Amino acid sequence: MLDTTALNQQRNFFDGHAEIWLFGYGSLIWKADFAYLERRPAFITGWERRFWQGSHDHRGTPETPGRVATLIRAKNAICHGMAYRITPEVLAPLDVREKNGYLREKVPLTFVDKQGNGTEQSEGLIYLASDDNPAFLGEAPLTDIAQQIANAHGPSGANKEYLLNLATALRELGAEDDHIFALEHQLRIL
Ligand code: BEZ
């Protein structure tokens with residue numbers, strides 16, 4: 001298994017900053033098991049969420065990998081999530097937690113106000129699993145992805161819990177996401 005921990009510790013896009021905005025689009029939306037100063041709903045543009053990254057260490061095993069979220073580039077798309085204002089030392093344990101193919105990337109993000117409108121912008125950090133990482137599984141029919149998710153379990157729990165929690169969290173944010181809601185539907189009718 002690739003381990004991106006050391007690579008990420010060289011990716012210091014916010015060197016010298018006392019605080020960083022970390023944008024969560026997957027489990028970070030509903031499972032923030034790190035200290036943060038503030039959190040705000042936000043979105044990034046030009047990216048779409050997909051269950052195209054294999055999980056061999058959290059929501060699956062090397063023999064029966066699960067599938068978790070990553071982002072693909074998509075012109076004019078909006079990906080909603082949650083931004084966390086953190087201090088830089090929070091990143092080291094996240095680098096370890098997300099070591100199976102995710103790399104830190106710098107992105108512009110837009111905060112969302114209570115009416116759902118985009119307000120201020122800031123630079124932020126995401127963890128991205130791009131299509132050249134060894135754990136990337138890529139596109140498959142939704143029914144196959146839902147079946148794989150239904151079957152997979154790992155040290156962090158059932159893969160289906162990840163998908164259902166993400167769908168619930170996105171609904172609470174008032175976010176649209178056709179891929180996630182279609183997968184949730186497929187999973188429920190299996
Ligand atoms: C996220 O929620 O943004 C995320 C969580 C785990 C790995 C990569 C991204």
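In this text, all values refer to a predicted model and were calculated from it rather than measured experimentally. Just follow the structure's listing: the first ligand is 1, and inside any ligand the first atom is 1. Counting begins at 1 with the first residue of the sequence.
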Heavy-atom distances under 4.0 Å decide this one: backbone, side chain, both or neither, for Y25 against ligand 1? both
Any idea which of K99, E98, R97 brings a heavy atom closest to atom 6 (C) of ligand 1? E98
Verify the ring-centre separation between F14 and W21: is it less than 6.0 angstrom? no
Centroid-centroid distance, Y36 to Y84, less than 6.0 Å: yes
Checking a contact table here: which protein heavy atom is nearest atom 5 (C) of ligand 1, and how many Å away? S27 OG, 3.5 Å
Can you tell me the protein heavy atom closest to atom 4 (C) of ligand 1 and the distance? L28 CG, 3.9 Å
Under 4.0 Å from any heavy atom of G26, which atoms of ligand 1 are there? 1 (C), 2 (O), 3 (O)
So, R59 and E161, do they make that salt bridge, N to O below 4.0 Å? yes
Within the 3.5 Å criterion, strictly below it, is a donor on S130 or R73 matched to an acceptor on the partner's side chain? no
Taking side chain to side chain donor-acceptor pair (under 3.5 Å) as the definition, give me every residue that meets it alongside E172, ordered by chain and number, with sequence neighbours left out. none
